[in-house]
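Since the structure comes first, as structure tokens, the remarks are kept for the end.
Along the sequence shown, the residues carry numbers beginning at 1. Small disclaimer: the values here were computed from a predicted structure and weren't measured.
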Amino acid sequence: MHQNLRRIPFFQGLSDDVLQAIQSRMKLRRYKKGDVVFVEGAPADSMYIIESGQVQIVAEGKGDQPGTVLAHLGPGFFFGEMALLTGDRRSATVRVVIDAELWELHKNDLDELLREHPHIALTISRELSRRLSRTIHQLTEVDEINLIAVVGEQVPLFIERLKAATGDRLLVVDLGGLRPEHPDLPEGVDVVVELAEGTPEDLAEYLGDHVNEYGRIVMVITPHETPLTRKAAELAEVVVEIGKRSTPWLKRFGRENYWFTPGDWRRVDRVARRIARKLVGLALSAGNARGLAHIGVLRVLEEANVPVDVIAGTSMGALIGSLYAVGHSIKTLEEFASQLPKLTSFFSGLWDLQVPPRSGIIKGEKARRYLAERWFAHKAFEDLDTPLYVVAADVVTGEEVVFESGPIADAVRASISIMGVFQPAHVNGRYLIDGGTVNPVPVSVVSGKANIVVASSVIVSLADRAHRKALMKSGRLPSILGIVLGAQEIMEAGIVESRMGHVDVLIQPDVADLGGMEYDRWEVFVQRGYKAAQRYVEDIQRLLSAPRGRRAPLSVLRELESQSA
């Protein structure tokens, strides 16, 4: 404790007898994980020095906004001194994240010390003058997952993928889950085995002492509930169970921070990237036949081993994204595209015409049934390994409707229902039409569910409708279908220019010279999507390999900026 006082700027330079006087007035307080030391806005009557454990400093959000993590502090650090000295209320909330022992110095004791040792005030004033020029709210950090408990099969694989995803120096605390045979672990991973025979208190103290030394700490526990494994689960920010669910007791400590994953490489890797805050979300735009370019984009991502963890799609983007999420290969997607010229023909295709037309020329039931039986195998969203979101629009209320449950074919049928062409889809009591009328590039749907947002957009800008200019010069009057599609494309372009949200990588295949119904040119669309995506592979990989809490500098927003997104 005496040495801890020496580290604190307020007390540096003081004599041993003064430090002894300060220490004699401090009281040791013990806190469990989750305890709140004080809340933002509360009166300030104490400052604290951390003897063991770790605390989190949080600026509370306003209204429904989430709080911001400002800092994590461990042994030897102090907090609460500014409000105590200035008389202001607490500027942040302090929560315990690892069982902590805190030395508390009350205001009354500090006042008494200042009367007995007036020169303390000079030391304090010097430090205070340096600190008044900055506020605690300037010291923000990424809300990271640093303490992980893991149990089950493929734990060495998990450690290896976590190391690859984070690039951090890892500490593995083996509490019996890796023994008796210690596997080979990657370079940069340290292993501690002694705590397997220790007490819960030993574990908490050890973690508090080492949490700032390592990027992440992984506690490998056994599936059996003991005081030690229970303490590890309590202290962990995330509990990961791999392989099979064999530890029901863990869910008591889990809720949202209990994650289960099968033991295959791809899903273990996804969990590791979820911890590293590097999940990749892919937003696929509307665009009718132009949307076939998304197939070329997906091929590039596969060839470059870029993972796709979340998919959101609108209209043709919903159809292509759903086929991919169901598990169809790129080759199969190209086979699907090759059939579209025939399938979209009014004479030999899937169109069940409605005579006389009322709310649409095409009923849409034939297309829905074909997709459900031939391509989606009657699967629901809940059956998918990759989370999928499909965007449609409520034609009555104008609301955006995002499907994430129920039959996939019903959602896709709704999302591709072009106004005036398809009869609105009646799903869950709502009449739904093409999602491009409300969110043609569903970046907003992906952004809350992934850390790296990649968008593929084939929406032709208002300034670059080359095919319309050529049509105007020809003197030919557009068909009814051409007028309907053209009106929707103009509306979608306007929405994109006015409201598309933040995207890390925007891929824009050059398809402006091709028509929205030219399904017979599917190979050209796919090739242009492939060519466009190739330009951005290195940018995406740089984001995936960037150190935690930092953004890699990118040039990928140049087109986005020109579109005023």
Side-chain angles (χ1 to χ4, degrees), residues 61 64-69 142-145 161 165-166 237-238 240 254-262 266-286 294 297-298 301 306-315 317-327 379-393 399-406 408 411-412 414-415 435 438-457 499-507 540 543-544 546 548-549 551 556 560 565:
D64 295 332
Q65 296 298 314
T68 301
V69 177
V142 177
D143 186 11
E144 295 176 332
I145 298 172
R161 296 317 305 157
T166 64
E237 294 160 283
V238 166
V240 179
R255 296 187 179 91
E256 292 184 0
N257 70 327
Y258 168 84
W259 301 351
F260 170 78
T261 181
R266 184 174 62 85
R267 287 195 260 194
V268 171
D269 181 62
R270 180 176 293 172
V271 168
R273 283 183 293 102
R274 184 179 175 188
I275 290 172
R277 307 293 197 214
K278 291 182 179 179
L279 290 179
V280 177
L282 180 63
L284 301 178
S285 77
H294 299 322
V297 172
L298 286 166
L301 297 181
V306 172
V308 176
D309 301 301
V310 180
I311 300 175
T314 298
S315 197
L319 177 54
I320 299 301
S322 297
L323 290 169
Y324 191 70
V326 164
K379 286 188 177 181
F381 287 81
E382 294 85 349
D383 300 323
L384 302 178
D385 292 335
T386 301
L388 172 69
Y389 301 88
V390 169
V391 178
E399 295 176 301
E400 178 179 345
V401 177
V402 180
F403 286 91
E404 56 182 293
S405 62
I408 298 170
V412 172
S415 188
V438 289
N439 196 352
V441 189
V443 168
S444 59
V445 178
V446 170
S447 59
K449 302 169 178 65
N451 313 107
I452 299 169
V453 177
V454 178
S456 175
S457 174
R499 58 158 284 189
M500 188 165 73
H502 169 79
V503 58
D504 295 297
V505 177
L506 177 62
I507 301 169
I540 300 171
L543 283 169
L544 283 166
R548 56 183 182 155
R551 284 277 188 192
V556 296
L560 180 60

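The distance from atom OG of S457 to atom CG of L506, rounded to the nearest 0.5 Å, is 6.0 Å. With values rounded to the nearest 0.5 angstrom, R277 atom CZ is found 12.5 Å from I452 atom CD1. In this structure, the separation between CD1 on I320 and OG on S285 is 11.0 Å, given to the nearest 0.5 Å.
Contact detail for L384 and A325: the closest heavy-atom pair is CD2-O, 3.7 Å. L544 and K278 get closest at one heavy-atom pair: O-NZ, 2.8 Å. Here the shortest heavy-atom pairing between P262 and V268 reads O-CG2, 3.7 Å. Between V390 and S415, the shortest heavy-atom contact is CG1-CB, 3.6 Å.
A donor-acceptor pair under 3.5 Å is formed between the side chain of D309 and the backbone N or O of V280. In this structure, S322 contributes its side chain and L319 its backbone to no donor-acceptor pair below 3.5 Å. Side-chain atoms of T314 come within 3.5 Å of backbone N or O of N439 as a donor-acceptor pair.
Here E404 pairs with nothing under the salt bridge (Lys or Arg N to Asp or Glu O under 4.0 Å) rule; sequence neighbours left out. The side-chain hydrogen bond (donor to acceptor under 3.5 Å, both in side chains) check on T386 picks up R270, with sequence neighbours excluded. Applying the side-chain contact (heavy atoms from CB on, under 4.5 Å) rule to A392 yields the partners F403, A414, L432; only residues at least two apart in sequence or on another chain are considered. Take D269 and apply the side-chain contact (heavy atoms from CB on, under 4.5 Å) test, not counting sequence neighbours, and it matches R161, W265, R273. In this structure V308 satisfies the side-chain contact (heavy atoms from CB on, under 4.5 Å) test together with L282, L301, I311, sequence neighbours excluded. Shown here are the salt bridge (Lys or Arg N to Asp or Glu O under 4.0 Å) partners of R266, two or more places apart in sequence or in another chain: D385. Partners of D383 under the salt bridge (Lys or Arg N to Asp or Glu O under 4.0 Å) rule, at least two apart in sequence or in another chain, do not exist in this structure. The side-chain contact (heavy atoms from CB on, under 4.5 Å) check on V238 picks up I145, V240, W259, with sequence neighbours excluded. Here Y389 pairs with nothing under the side-chain hydrogen bond (donor to acceptor under 3.5 Å, both in side chains) rule; sequence neighbours left out. By the side-chain hydrogen bond (donor to acceptor under 3.5 Å, both in side chains) test, S456 is found to be paired with H294, residues two or more places apart in sequence or in another chain being considered.
Contact of the V391 side chain with the E400 side chain is registered, since non-hydrogen atoms from C-beta on lie closer than 4.5 Å.
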